[in-house]
> 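First, the structure itself, so that you have it in front of you.
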Amino acid sequence: MEKTKMLYEGKAKIVYETDEPDKLIVYFKDDATAGNGEKKGTIEGKGAINNEMSAYFFKMLKDRGINSHFIEKISDREMVVKSLRMIALEVVVRNVAAGSLAKRLGLPEGTPLKTPVLEYFYKNDELGDPLLNRYHIMVMDLARVHELDDIEHIAFCVNQILINFLKSKNINLIDFKLEFGRDERDKIVLADEISPDNCRFWDISTNEKLDKDRFRHDMGGVEEAYREMLTRVTA
Ligand code: ADP
Ligand code: UDP
């Protein structure tokens, strides 16, 4: 398979068209941003780690009945995926209060949530990714009700599978962000990536953060945390 042309360069990945019209190649960069692009930097080796970890999780989810866009990993930093028509939503699932939820509701970071919480954000950099509810999504024509039902079902299944798996690695899954697209038959399919860039992972024994919050908050040990997560996940 050959890359034909660059389709899109995002903050963390580059997406290429290929000589097979229904397949794309995703290239994972070391670039990192935070605060809607205000903070920029690089995390050495991140691209390879996120590619490998995402491939691992997508394969694991497939074995447990959840399809994704993932087809195969073809190099250190590249995977082949099914080309989808993306839905402009960031779907966040939370088990423990952190980040924007902790701030918005005034909950101390680390407060366990009685039930998993699902939130939608509009994927729109100019607007700063605002929080949306189902009514906003309807009036903005971003997705249909039955599509949101499918998205929520998949997102909660992914949550349960990841919680159980990560617990065996002594990791607490605090929260994560998923993206979805529509395939050629309008079916909802899980896409993008699952990595320390878009999940919060805390060590169960020490509450040490092993994710992008180390970069967001200049905590140091960023590369080490990403490597540690990959080692635990794939061990
Ligand atoms: P961002 O757009 O947030 O800067 P990235 O740098 O991660 O994000 O770029 C990857 C882009 O590819 C994202 O816009 C994402 O929505 C899109 N994408 C992910 N999976 C697919 C797919 N299967 N088909 C088409 N686009 C995808
Ligand atoms: N997240 C993401 N991309 C974004 C915003 C958030 O992947 O543009 C992830 C983030 O890593 C965390 C979860 O979504 O795992 C919830 O993030 P939150 O709303 O708390 O925002 P933040 O504090 O990261 O700005």
Side-chain angles (χ1 to χ4, degrees), residues 6-18 21-40 46-47 50-51 54 58 67-71 77-105 107 109-110 113 116-132 142 155 158-159 162 172-184 187-202 209-217 225-226 229:
M6 191 177 93
L7 194 59
Y8 175 80
E9 174 156 13
K11 296 185 286 287
K13 304 191 283 299
I14 307 175
V15 181
Y16 295 93
E17 285 181 346
T18 71
D22 56 335
K23 291 180 185 163
L24 303 172
I25 290 177
V26 178
Y27 176 94
F28 286 74
K29 303 191 283 185
D30 284 352
D31 297 354
T33 62
N36 198 24
E38 278 154 35
K39 180 177 160 77
K40 287 195 174 74
K46 169 173 91 78
N50 288 1
N51 187 34
S54 295
F58 284 137
N67 279 322
S68 74
H69 70 161
F70 177 75
I71 298 174
R77 287 170 182 273
E78 291 168 309
M79 61 168 65
V80 179
V81 304
K82 192 181 195 112
S83 173
L84 299 174
R85 283 165 291 127
M86 294 302 287
I87 296 175
L89 290 175
E90 301 200 332
V91 180
V92 170
V93 179
R94 306 175 181 272
N95 301 302
V96 175
S100 69
L101 179 87
K103 220 176 182 178
R104 195 178 336 115
L105 300 187
L107 290 172
E109 189 178 75
L113 301 171
V117 169
L118 185 141
E119 294 174 339
Y120 295 108
F121 294 88
Y122 184 19
K123 193 172 158 64
N124 182 316
D125 286 339
E126 265 170 45
L127 297 177
D129 297 347
L131 181 69
L132 300 178
L142 296 173
V158 170
N159 187 40
L162 292 183
N172 194 359
L173 179 63
I174 306 302
D175 58 31
F176 58 95
K177 182 266 296 178
L178 300 176
E179 292 185 28
F180 294 85
R182 302 179 179 97
D183 73 5
E184 68 288 350
K187 210 173 133 240
I188 295 294
V189 178
L190 174 63
D192 209 48
E193 67 176 290
I194 304 179
S195 74
D197 266 15
N198 61 349
C199 303
R200 286 194 170 96
F201 299 125
W202 293 3
K209 294 181 201 292
L210 295 169
D211 55 57
K212 195 173 155 189
D213 269 353
R214 301 200 75 87
F215 169 80
R216 290 190 186 101
H217 305 305
Y226 276 67
M229 269 313 299

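Computed from a prediction, not measured in an experiment: that's the story for all the values here. Along the sequence shown, the residues carry numbers beginning at 1. Order of appearance sets the numbers: ligands from 1, and atoms from 1 within every ligand.
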> With atoms numbered from 1 as shown, which atoms in ligand 2 lie under 4.0 angstrom from a non-hydrogen atom of D197?
7 (O), 11 (O)
> Please state whether I174 comes within less than 4.0 angstrom of ligand 2, counting heavy atoms only.
no
> For atom 9 (O) of ligand 1, what is the nearest protein heavy atom, given as residue, atom name and distance?
Y8 CE2, 3.6 Å
> Evaluating non-hydrogen atoms only, which member of R104, R200, R216, H217 is closest to atom 11 (O) of ligand 2?
R216
> Using side-chain heavy atoms (C-beta onward) and a distance below 4.5 Å, is L178 in contact with I194?
yes
> If every non-hydrogen atom of I188 is compared with every non-hydrogen atom of F180, which pair is closest and at what distance?
CG2-CD2, 3.8 Å
> Taking side-chain hydrogen bond (donor to acceptor under 3.5 Å, both in side chains) as the test, write out the residues that go with N95, two or more places apart.
N159
> N/O of V15 under 3.5 Å from N/O of ligand 1, yes or no?
no
> For L24, take its heavy atoms, then give the atoms of ligand 1 lying under 4.0 Å from any of them.
24 (N), 25 (C)
> So, for atom 16 (C) of ligand 2, does the protein have a heavy atom nearer than 4.0 Å?
yes
> Below 4.0 angstrom from a heavy atom of E179, which ligand 1 atoms are there? Numbered from 1 as shown, please.
15 (C), 16 (O)
> Do any N or O atoms from the side chain of D30 and from the backbone of G47 form a donor-acceptor pair under 3.5 angstrom?
yes
> Between the candidates S195, S100, A102, which shows the shortest non-hydrogen contact distance to atom 18 (P) of ligand 2?
S100
> Roughly how far, to the nearest 0.5 Å, is CZ of F176 from CZ of R94?
11.0 Å
> Any atoms of ligand 1 less than 4.0 Å from a non-hydrogen atom of A191? List them with their elements.
20 (N)
> Considering both backbone and side-chain atoms of S83, is one of its nitrogen or oxygen atoms within less than 3.5 Å of a nitrogen or oxygen in ligand 1?
no
> Determine whether a donor-acceptor pair (N or O, by modelled atom type, separation under 3.5 Å) exists between the side chain of S68 and the backbone of A191.
no
> Hey, which atoms in ligand 2 end up nearer than 4.0 Å to a heavy atom of D129?
8 (O)
> Under the side chain to side chain contact (heavy atoms under 4.5 Å, CB included) test against T33, which residue among K39, K40, E38 passes?
K40
> Using heavy atoms and a threshold below 4.0 Å, how should the contact between K103 and ligand 2 be classified: side chain, backbone, both, or neither?
neither
> Only heavy atoms of V81, strictly under 4.0 Å: list the atoms of ligand 1 that pass.
23 (N)
> Please list, in number order, the atoms of ligand 1 under 4.0 Å from a heavy atom of K82.
22 (C), 23 (N), 24 (N)
> In chain order, what residues pass the side chain to side chain contact (heavy atoms under 4.5 Å, CB included) check against D197, with sequence neighbours excluded?
A12, K46, N50, E193, S195, K212, Y226
> Return the CE to CD1 distance between M6 and I14, rounded to the nearest 0.5 Å.
6.5 Å
> Can you report which non-hydrogen protein atom sits closest to atom 24 (N) of ligand 1, along with the distance?
L84 N, 3.2 Å
> So which protein heavy atom does atom 19 (C) of ligand 1 come closest to, and at what separation?
D192 OD1, 3.4 Å
> Say whether R94 and ligand 2 are in contact under the criterion: heavy-atom distance to a ligand atom below 4.0 Å.
yes
> Counting only heavy atoms closer than 4.0 Å, does ligand 2 sit against the backbone of C199, its side chain, both, or neither?
backbone
> Using modelled atom types only, decide if a donor and an acceptor are shared between the side chain of D129 and the backbone of N124 within a distance under 3.5 Å.
yes
> Can E109 and K209 be counted as an ion pair, charged N to O under 4.0 angstrom?
yes
> Looking only at non-hydrogen atoms, find the nearest pair between N36 and G128 and report the distance.
ND2-CA, 3.4 Å
> Heavy-atom distance to atom 23 (N) of ligand 1: which of R85, K29, H69 wins?
H69
> Would the distance check show the side chain of H69 and the main-chain N or O of D192 forming a donor-acceptor pair, the cut-off being under 3.5 Å?
yes
> So which protein heavy atom does atom 1 (P) of ligand 1 come closest to, and at what separation?
K123 NZ, 3.5 Å
> Could you tell me the residue and atom name of the protein heavy atom closest to atom 4 (O) of ligand 1, and the distance to it rounded to 0.1 Å?
K11 N, 2.7 Å
> Could you identify the single nearest non-hydrogen protein atom to atom 9 (C) of ligand 2 and state the distance to 0.1 Å?
K177 CB, 3.6 Å
> Any sub-3.5 Å donor-acceptor pair from R182's side-chain atoms to M86's backbone N or O?
no
> Please state which protein non-hydrogen atom is closest to atom 6 (O) of ligand 1 and give its distance, to 0.1 Å?
A12 N, 2.7 Å
> Under 4.0 Å from a heavy atom of N198: which atoms of ligand 2 are those, numbered in the order shown and with their elements?
7 (O), 9 (C), 11 (O), 15 (O)
> Any donor-acceptor pair under 3.5 Å linking the side chain of D22 with the backbone of K82?
no
> Quick one: look up the protein heavy atom nearest atom 26 (N) of ligand 1 and list residue, atom name and how far away it is.
M86 CG, 3.3 Å
> Evaluate the 4.0 Å heavy atom contact test for atom 3 (N) of ligand 2: does a protein atom fall under the cut-off?
yes
> Give the numbers and elements of all ligand 2 atoms closer than 4.0 Å to a heavy atom of V92.
14 (O), 16 (C)
> Only heavy atoms of G99, strictly under 4.0 Å: list the atoms of ligand 2 that pass.
20 (O), 23 (O)
> Do the side chain of R77 and the main chain of Y27 share a donor and acceptor less than 3.5 angstrom apart?
no
> Which residue holds the protein heavy atom closest to atom 5 (C) of ligand 2, what is that atom called, and what is the gap in Å?
E90 OE1, 3.8 Å
> Of all the non-hydrogen atoms in the protein, which one sits nearest to atom 10 (C) of ligand 1, and at what distance?
K13 CE, 3.9 Å
> Heavy atom to atom 12 (C) of ligand 2, shortest distance: which of I194, D213, D175 holds it?
D175
> Is there a side-chain contact between L101 and V92 (heavy atoms, below 4.5 Å)?
no
> Any donor and acceptor pair, going by atom type alone, linking the side chain of D211 with main-chain N or O of F201 inside 3.5 Å?
yes
> Does ligand 2 have any atom sitting under 4.0 Å from a heavy atom of K212?
no
> Pull out every atom of ligand 2 sitting under 4.0 Å from any heavy atom of F176, numbered as shown with elements.
15 (O)
> Just verifying a value: how many Å separate N198 CG and E179 CD, rounded to the nearest 0.5 Å?
8.0 Å
